[in-house]
There are 2 protein chains.
Amino acid sequence: MTDMARPRHRSSGNRYGNRPTMKDVAARAGVGLKTVSRVVNGEPGVTPETERRVQEAIDALGFRRNDSARVLRKGRTASIGLVLEDLADPFYGPLSRAVEEVARAHGALLINGSSAEDPEREQELVLALCARRVDGLVVIPAGDDHRYLEPELKAGVATVFVDRPAGHVDADVVLSDSFGGARDGVAHLIAHGHRRIGFIGDMPRIHTAAERLRGYRAAMEDAGIPVRESWMSLGVTDPERVRRAAEEMLTGPDPVTAIFTGNNRVTVTVIRVLAEHPHGVALVGFDDIELAELLRPGLTVVAQDAAALGRTAAERLFGQLDGDLLVPERIELPTRLIARGSGELPPAP
Amino acid sequence: MTDMARPRHRSSGNRYGNRPTMKDVAARAGVGLKTVSRVVNGEPGVTPETERRVQEAIDALGFRRNDSARVLRKGRTASIGLVLEDLADPFYGPLSRAVEEVARAHGALLINGSSAEDPEREQELVLALCARRVDGLVVIPAGDDHRYLEPELKAGVATVFVDRPAGHVDADVVLSDSFGGARDGVAHLIAHGHRRIGFIGDMPRIHTAAERLRGYRAAMEDAGIPVRESWMSLGVTDPERVRRAAEEMLTGPDPVTAIFTGNNRVTVTVIRVLAEHPHGVALVGFDDIELAELLRPGLTVVAQDAAALGRTAAERLFGQLDGDLLVPERIELPTRLIARGSGELPPAP
DNA sequence: ACCCGATCTGACAACGTTGTCCAGGCTCTA
DNA sequence: TAGAGCCTGGACAACGTTGTCAGATCGGGT
């Protein structure tokens, strides 16, 4: 009795604002419940005349099938979950879009959430999605232990990890070749004469960050260049830290003549720092950036194909759901070096 | 009998891969169904000892509450739908993120879909979301007739339109001040001495595009400058068309000395065209762009706050759901002109 | 006129959860 | 020690849909 106001909306609380049900439609059309169900789902075995009557009642009442109930009965929700780090990041937009496109092609809806790079929030989100009984999950892991997913996997929730591998769980993974990409990018700088090269990346617990650092080290080692601790900086990618890191590398005792940046957020900040810097410091960034070719100099990048990552993952997911692809696999997509100028600058004297 | 292979997953089809239910948990713990429900939902009235036994059974079986069933019973799904144009567009990423953030604060999940600017697909998506019984909808309209939503609105589905108003339906709308923003931007160009100014925008049936054109015309009229048809080009925003439009304006009989672009996609293409162009053509764009200040010249823009749009809309939505805000409103957020160089170039001789 | 089969229709149970309501056991007091 | 009152636990129905199955209706052939 507490909530009597509200002029028209949601009067009786429980019944979704009193939406008409198949029962209501059946009553109005003077037919049985199942006949309405048949019409709604286009099943055969209904006289045109009956169908017309039912359709009329549906339109008159504004009936819309309740998919929640349907799902409960049928067992498949025709929806998949996507957990990523931050939808506002330009890297995840295309990825998300690609996943959605594949889902749509399979008649599924996409539910998504951002983990904000917080493992706890990732778990919370993933479990909420499982409680909704999504058919499958595409997860860009924030945490490194996914054992909490075991009951779900066992229960048949299709799962694909993207961009970073899962921790302690045997599941599909779709990755970019971070190690190879970073190695190539750094080798590119070395080929243009640089020997004092800096690396600024994300927190080392993030797999891609660690791999890219590994690629950096490998390239340096291949070229026989000893690496100094002061040339490497890993940590959160907020502008302040990155800016400080870059400035230290540029002005320290052993100043770098080139920088390799570990992802697009870092790159953007470093571009800003370099714009204020007198010498022509070379730069190669991991991840492509819109308008990169219009900067002066154009930005040389190691590009990964976010859309391809998403598409591959989603297709893999529906492959699992269709009963193929029972054996978890690790798929690594190649990266591509795009030279536009900033990575071809010679070392400053 | 057709699908017998599949080693472990989804054996009996219907029951979500044989997930344990409260009944199973109750049986294992040796208690009643409702007691399990009480434990799962943290309701009072359960002995610690009993609770321990139930919790043990839950862990052992890997039970997870089925929210589909819960929703069916309770009437609220704690999820909202977001229909936008293209997640990969950098304008919608932050907007989507803001909506998600508010939803999260209200304990709701976000289901989203892209309409790809296709009215039919928008309707299809919206209705699919309604069939899921989302509690509310945030819609960036692609179409201009939303009467199909009437039964849903009447049934109490909270709805807020963003970025563009709805057609033939009385509902909340949250907009940027497209007219004022465009007028200010064009006035800015006029103030810097330009008289022959071009406008390139999206398809005229899109409300924001029409409003921005109106702003352009108003600014020109205020300054007493007659507008030529050849200075205005509206249509799809794919690079080819925009490029052609820009080139025609720049080389036609009455070449423009400045261009105002109607959204970020157009702006990006026009920047590319101007980069190839010898004369210093001035440019002001609607929507801000990352790295805009690092271009030469820096890009002057009329910025709108995508995150604020999303946040405002979502808060409005939950306001509706909480029973306040029964009267639909139209909220217009201001834009902000950011001068960075490209809009302050003097007219070429 | 009667029966058979084909076609159409509807009653009923089930999906997994939660709200209602009642039963039984306990404690506390008179 | 009996009765009142509280606390815990469980049986049952309901949410809106679909699958099963059996009943009703109709046409045509004998």
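Residue numbers begin at 1 in each chain, while the letters A, B, ... track the order of the sequences.
If you measure from atom CZ of A:R19 to atom C1' of D:dG16, you get 13 Å, rounded to the nearest angstrom. At whole-Å resolution of the value, CG in A:L33 and P in D:dC15 are 12 Å apart. Atom-to-atom, CZ of B:R53 to C1' of D:dT8 comes out at 12 Å; the value is rounded to the nearest Å. Between the C1' atom of D:dA14 and the CE atom of A:M22 lies a distance of 18 Å, rounded to the nearest Å. Computed from coordinates, the A:N66 CG to D:dC15 C1' distance equals 9 Å when rounded to whole Å. Between the CD atom of A:E51 and the C1' atom of C:dG10 there is a distance of 17 Å, rounded to whole Å. The distance between atom NZ of A:K23 and atom P of D:dA13, rounded to the nearest whole Å, is 14 Å. Taking atom CG on B:L72 and atom P on C:dG19, their separation rounds to 13 Å, with Å as the unit.
Not counting sequence neighbours, the partners of B:N112 by the side chain to side chain donor-acceptor pair (under 3.5 Å) test are A:N112. Scanning for salt bridge (charged side-chain N to carboxylate O under 4.0 Å, His left out) contacts around A:D135 gives an empty result, with sequence neighbours left out. Residues satisfying the salt bridge (charged side-chain N to carboxylate O under 4.0 Å, His left out) test with A:R104, not counting sequence neighbours, are B:E124. For A:E100, there are no salt bridge (charged side-chain N to carboxylate O under 4.0 Å, His left out) partners at least two apart in sequence or on another chain. Looking at residues two or more places apart in sequence or on another chain, you find a salt bridge (charged side-chain N to carboxylate O under 4.0 Å, His left out) between B:D145 and B:R147. By the side chain to side chain donor-acceptor pair (under 3.5 Å) test, B:E51 is found to be paired with no residue, residues two or more places apart in sequence or in another chain being considered.
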Could you write out each protein N or O paired with an N or O of nucleotides 23-28 of chain C at a distance under 3.5 Å?
none

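Remark: of the listed residues A:H168, A:E122, A:E152, A:Q123, A:E122 is the sole one forming a side chain to side chain donor-acceptor pair (under 3.5 Å) with A:H146.
Distances were taken from every side-chain heavy atom of A:A69 (C-beta onward) to each of D:dT17, D:dG10, C:dT17; the shortest belongs to D:dT17. Comparing C:dT17, C:dG16, D:dG19 by their nearest atom to the side chain of A:K74 picks out D:dG19.
For B:N66 and A:R132, the side-chain atoms include no donor-acceptor pair closer than 3.5 Å.
Contacts between residues 35-50 of chain B and DNA chain C, defined by a heavy-atom separation below 4.0 Å, involve B:S37, B:N41, B:E43, listed by number.
For residues 106-121 of chain A, the pairs satisfying salt bridge (charged side-chain N to carboxylate O under 4.0 Å, His left out) are A:E117-A:R164, A:R121-B:E101, with sequence neighbours left out.
In terms of phosphate contacts, B:K34 brings no side-chain nitrogen or oxygen within less than 4.0 Å of OP1 or OP2 of D:dT8.
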